2 protein chains.
Amino acid sequence: MNHSQGKVSLPVIKRLPKYYRYISQMQQNGVVKVSSSELARMMGTTASQVRQDFNCFGGFGQQGIGYNVDVLLHEIGRLLFGEGEKLPTILVGAGRLGRAVSRFLTTDTNGYHLLAVFDVQQELVGQDLDGIPIHHIDELESFCAAHKPQVAVLCLPREGAKEISGRLVDLGIRGFWNFSHYDLSIPYPNVTVENAHLGDSLMSLGYRLRND
Amino acid sequence: MNHSQGKVSLPVIKRLPKYYRYISQMQQNGVVKVSSSELARMMGTTASQVRQDFNCFGGFGQQGIGYNVDVLLHEIGRLLFGEGEKLPTILVGAGRLGRAVSRFLTTDTNGYHLLAVFDVQQELVGQDLDGIPIHHIDELESFCAAHKPQVAVLCLPREGAKEISGRLVDLGIRGFWNFSHYDLSIPYPNVTVENAHLGDSLMSLGYRLRND
DNA sequence: TAGATTGTTAATCGATTAACAATC
DNA sequence: TAGATTGTTAATCGATTAACAATC
């Protein structure tokens, strides 16, 4: 065990969820022990990379033996989801995309607690999404002052996103999961942003298809 | 003008949609000309990278002058969306995510033509999504034989995705936009796959928030 | 002890950035 | 011509892969 972590690179971080998925499946299949080369084969990478990745966090294995599946899953889970404390989260935009994404937050992942949904449409206010109440966007300030959410998920058009994200930063939001076409990365460098533009992902698929 | 393209690297391809978005906005604002350094500032990168990127495709500018916005948008659009011919596409899974994603395919992007939606649920069969008919999954074979779709968008659970993707490859699908948690990249190396696991993206945001 | 497999250092590879000659 | 800015080659940086010593 060496350096518990001195700034882990983004490529490594982005691989953690994939490790988590594969190791989680192994546990469900009753597998107890795994080697870096077995993991590498599944992940489509090299044993070297697997060991390098895990050693960014101090190393989870035993020399000569391999990795214990339970230990590995627990440690990576802890990295991704913390120590059981969940990130208080709000969702802005209750359109089709917002409704789909809320499912992920409430049932398909750990580490997040969805407190409320906001929308501009008066018709939606008072309704709920999987039991989470929909508020009018004007209540953003009072709600955030009272409940101090840390993460905001943006499922709204570009125009709205620019204005709303500014307000949210002022209200203390530290992390954005951004599906709007407005690019948040530059204006708020001290806030963590995960841009998930569906359109971008689809466009690059098109290019690759035409040119492979 | 040099090499029209001798295998462009994935990082470059993934930046194309972002260039497209920014340049598109400039055109809407009536901007006629742009330099690599202006683009770099907007994109949050260096002028060097902008020029290197464009030169993967032969270079779109004029020495001493800069880049013409119309030309740039047209050329990058051509790379992303082709010459007007749209990729015949099907969507598998008409749940919340499928309904959200269909919107992107039909109205928020170019280059794709959504032919049909498939689902296992009998109640949905016969209904439509933005005018696109929902078929039962059992009709996949006959439909594909008749209409020869090239792209499949997977919005279904992991278990379904494994089986369905195998069938789709046999039916001639060349490209997948995969939202399921099942990882397609390894089993079908000769097919283009864009994995867009929402869960993965959300998990890495969590890690970054806790450790920044 | 011998075999297996990790942790860790060194080598390679690829992507980004810098420099500069070409040219408008 | 002088200034601006690209296209392109060279240098740097970071990430991946290989090698090997430590250790179970």
Side-chain angles (χ1 to χ4, degrees), chain A residues 1-16 18-19 23 26 31-73 75-76 79 185-186 204 208, chain B residues 1-16 18-19 23 26 31-73 75-76 79 185-186 204 208:
Chain A
M1 205 163 287
N2 179 20
H3 43 344
S4 63
Q5 67 189 85
K7 214 75 210 118
V8 178
S9 76
L10 204 55
V12 174
I13 295 168
K14 296 271 182 187
R15 280 192 291 269
L16 290 178
K18 192 169 171 182
Y19 284 119
I23 296 160
M26 297 187 84
V31 179
V32 170
K33 195 218 90 175
V34 66
S35 70
S36 55
S37 50
E38 287 173 295
L39 270 171
R41 192 153 6 89
M42 289 194 297
M43 298 268 302
T45 180
T46 62
S48 255
Q49 183 170 82
V50 172
R51 293 201 299 275
Q52 285 279 29
D53 283 356
F54 292 169
N55 276 59
C56 292
F57 310 101
F60 303 137
Q62 261 189 300
Q63 283 180 327
I65 306 295
Y67 300 91
N68 177 292
V69 169
D70 288 340
V71 170
L72 212 46
L73 192 68
E75 293 296 337
I76 296 177
L79 290 168
S185 40
I186 294 114
S204 49
R208 289 162 64 200
Chain B
M1 204 161 289
N2 179 21
H3 43 346
S4 64
Q5 68 188 82
K7 213 77 209 115
V8 178
S9 76
L10 204 55
V12 174
I13 295 168
K14 296 271 181 188
R15 281 193 291 269
L16 290 178
K18 192 169 173 181
Y19 283 119
I23 295 161
M26 298 187 83
V31 179
V32 170
K33 194 217 92 175
V34 66
S35 70
S36 54
S37 50
E38 288 172 295
L39 269 171
R41 192 155 4 89
M42 290 194 296
M43 297 267 302
T45 182
T46 62
S48 255
Q49 184 170 84
V50 172
R51 294 202 298 276
Q52 285 279 30
D53 284 356
F54 292 169
N55 276 59
C56 292
F57 309 100
F60 304 137
Q62 261 188 301
Q63 283 181 328
I65 306 293
Y67 299 91
N68 177 291
V69 170
D70 289 338
V71 170
L72 211 47
L73 193 67
E75 292 294 338
I76 297 177
L79 290 168
S185 40
I186 295 113
S204 50
R208 288 162 66 199

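Numbers restart at 1 for each chain; the letters A, B, ... are given by sequence-line order, proteins then strands. Bear in mind that the values here come from a model prediction, so they are computed numbers and not experimental data.
Counting all heavy atoms, side chain and backbone alike, B:Met42 lies closest to B:Met26 at CE-SD, 3.5 Å. When every heavy atom of B:Leu16 is checked against every heavy atom of B:Ile76, the shortest pair comes out as O-CG2, 3.9 Å. Minimum heavy-atom separation, B:Leu39 to B:Val34: CG-CG2, 3.9 Å.
If you check every strand for non-hydrogen atoms under 4.0 Å, B:Ser37 touches nothing.
Residue B:Arg15 has its side chain nearest to C:dT16 when only D:dT6, C:dC24, C:dT16 are considered. Nearest nucleotide to the side chain of A:Gln49, out of C:dT17, D:dT16, D:dG7: D:dT16. Proximity note for B:Ile65 (side chain, C-beta onward) versus D:dG7, C:dC24, D:dT5: the nearest is C:dC24.
Atom pair A:Asn55:CG and D:dA19:C1' shows a separation of 15 Å (rounding to whole Å applied). Between the CD atom of B:Glu75 and the P atom of D:dT6 there is a distance of 16 Å, given to the nearest Å. The CG atom of A:Leu10 sits 13 Å away from the P atom of C:dT16 (whole-angstrom rounding). Atom CG in B:Leu39 sits about 9 Å away from atom P in D:dT6, given to the nearest Å. Straight-line distance from the CZ atom of A:Phe54 to the P atom of C:dT5: 15 Å, rounded to whole Å. The nearest whole Å value for the distance from the CG atom in A:Asn68 to the C1' atom in C:dT6 is 14 Å. Here D:dT6 presents its P atom at 13 Å from CG of B:Asp53, a figure rounded to the nearest Å. Atoms CD (A:Glu38) and P (C:dA4) sit 13 Å apart, rounded to a whole Å.
Remark: D:dA21 base-pairs with C:dT6. Criterion, Watson-Crick or G-U wobble with two distances under 3.5 Å. Of the nucleotides present, C:dC13 is the one that pairs with D:dG14 by Watson-Crick or G-U wobble criteria, both distances under 3.5 Å.
Remark: B:Arg51 is in phosphate contact with D:dT6, judged by side-chain N or O atoms under 4.0 Å from OP1 or OP2. The shortest distance between the side-chain N/O atoms of B:Tyr67 and the OP1/OP2 oxygens of D:dA4 is not below 4.0 Å. Contact check, B:Ser36 against D:dT5: no side-chain N or O comes under 4.0 Å of OP1 or OP2.
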* Using the side-chain hydrogen bond (donor to acceptor under 3.5 Å, both in side chains) rule, take B:Thr46 and B:Gln49 through it: C-alpha gap first, then chi angles, then the decisive distance, then the call. => CA-CA 5 Å; B:Thr46 62; B:Gln49 184 170 84; 5.5 Å; no
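In this structure, A:Asn55 contributes its side chain and A:Gly58 its backbone to no donor-acceptor pair below 3.5 Å.
Below the 3.5 angstrom threshold, one finds a donor paired with an acceptor across the side chain of B:Ser48 and the base of C:dA18. The base of C:dT17 sits with one of its N or O atoms less than 3.5 Å from a complementary donor or acceptor on the side chain of B:Gln52. With hydrogens and angles left out, the side chain of A:Gln63 and the base of C:dT6 share a donor-acceptor pair within 3.5 Å.
Of the two residues contacting DNA chain D, namely A:Thr46 and B:Ser35, the nearest-nucleotide position lying further toward the 5' end is that of B:Ser35.
Between A:Tyr67 and A:Phe54, the ring planes lie perpendicular to each other; the angle is over 60°, past the 30° to 60° tilted range.
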